[in-house]
Amino acid sequence: LGMQSLLESWGCKCITAMDSDQAPASINGRVPDFIIADLRLRGDRNGIDAIRELRAKLGEIPAVLISGDTATEQLRKVSAAGLTMMHKPLKAVRLRALLNHEFAKKQRA
């Protein structure tokens, strides 16, 4: 299953975008509950910047990065940005646990 299919099978409504420039048009004024971004995006863009840009426009939305990259430098950048990274191949059970945790926090707030 692809990421979108997996999330939709859990009852999530997914909006996909290739980069943070495309994302605001894709979400059409709605604020997402969660952002899942790949660390590596097209060109010289990365998921850290995309999450930062989306949060600047839409508020402090919970987010996670996904990547197959385990280079120490990349891990440091992710950590310095205060973000969590899940490594590919992504285990569905771990993603589900993360989403459940974030939504439980949101319900308590």
Side-chain angles (χ1 to χ4, degrees):
L1 276 181
M3 175 76 67
Q4 184 171 350
S5 297
L6 177 65
L7 292 167
E8 287 174 348
S9 76
W10 295 340
C12 299
K13 292 180 182 168
C14 298
I15 299 164
T16 59
M18 295 306 288
D19 57 41
S20 58
D21 293 334
Q22 188 186 55
S26 297
I27 62 174
N28 197 23
R30 295 173 296 201
V31 176
D33 292 315
F34 200 83
I35 300 168
I36 300 172
D38 204 299
L39 181 60
R40 292 177 189 243
L41 301 176
R42 291 192 283 187
D44 61 350
R45 312 281 299 213
N46 66 53
I48 296 169
D49 294 335
I51 290 168
R52 190 176 294 130
E53 291 166 20
L54 288 168
R55 284 176 167 176
K57 293 173 187 169
L58 303 170
E60 199 59 30
I61 301 163
V64 67
L65 288 161
I66 56 171
S67 180
D69 194 335
T70 58
T72 305
E73 178 187 338
Q74 294 293 3
L75 297 175
R76 259 193 232 116
K77 286 180 185 177
V78 171
S79 180
L83 293 168
T84 299
M85 184 157 71
M86 298 182 80
H87 295 280
K88 295 177 185 177
L90 206 58
K91 291 186 175 26
V93 68
R94 288 194 60 224
L95 179 60
R96 182 78 186 246
L98 177 67
L99 291 173
N100 286 344
H101 176 73
E102 288 299 329
F103 292 132
K105 278 195 329 194
K106 193 172 187 174
Q107 302 253 326
R108 288 191 300 264

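A 4.5 Å side-chain heavy-atom check between L95 and I36 finds at least one atom pair inside the cut-off. Contact check for L90 versus M3: side-chain heavy atoms found under the 4.5 Å cut-off.
Taking 4.0 Å as the cut-off between side-chain N and carboxylate O, K77 and E73 count as a salt-bridged pair.
Each of I51, V64, L58 was scored for a side-chain contact (heavy atoms from CB on, under 4.5 Å) with I35, with one residue passing: I51.
D69 and M85 make their closest contact through O-CE, 3.6 Å (heavy atoms, listed as atom of the first residue, atom of the second, distance). Counting all heavy atoms, side chain and backbone alike, L98 lies closest to M86 at CD2-SD, 3.8 Å. Here the shortest heavy-atom pairing between P62 and E102 reads CB-OE1, 3.5 Å.
Side-chain N or O atoms of D38 include none that pairs as donor or acceptor with a backbone N or O of L41 at under 3.5 Å. For S79 (side chain) and R76 (main-chain N/O), no donor-acceptor pair under 3.5 Å exists by modelled atom type. Remark: the backbone N or O of I61 is paired with a side-chain donor or acceptor of R55 at under 3.5 angstrom.
When hydrophobic clusters are built by joining Ile, Leu, Val, Met, Phe, Trp and Tyr residues whose side-chain heavy atoms come closer than 4.5 Å, directly or via intermediates, I15 is grouped together with V31.
Within a 6.0 Å sphere centred on CZ of R96, other residues, nucleotides and ligands contribute more than 12 heavy atoms.
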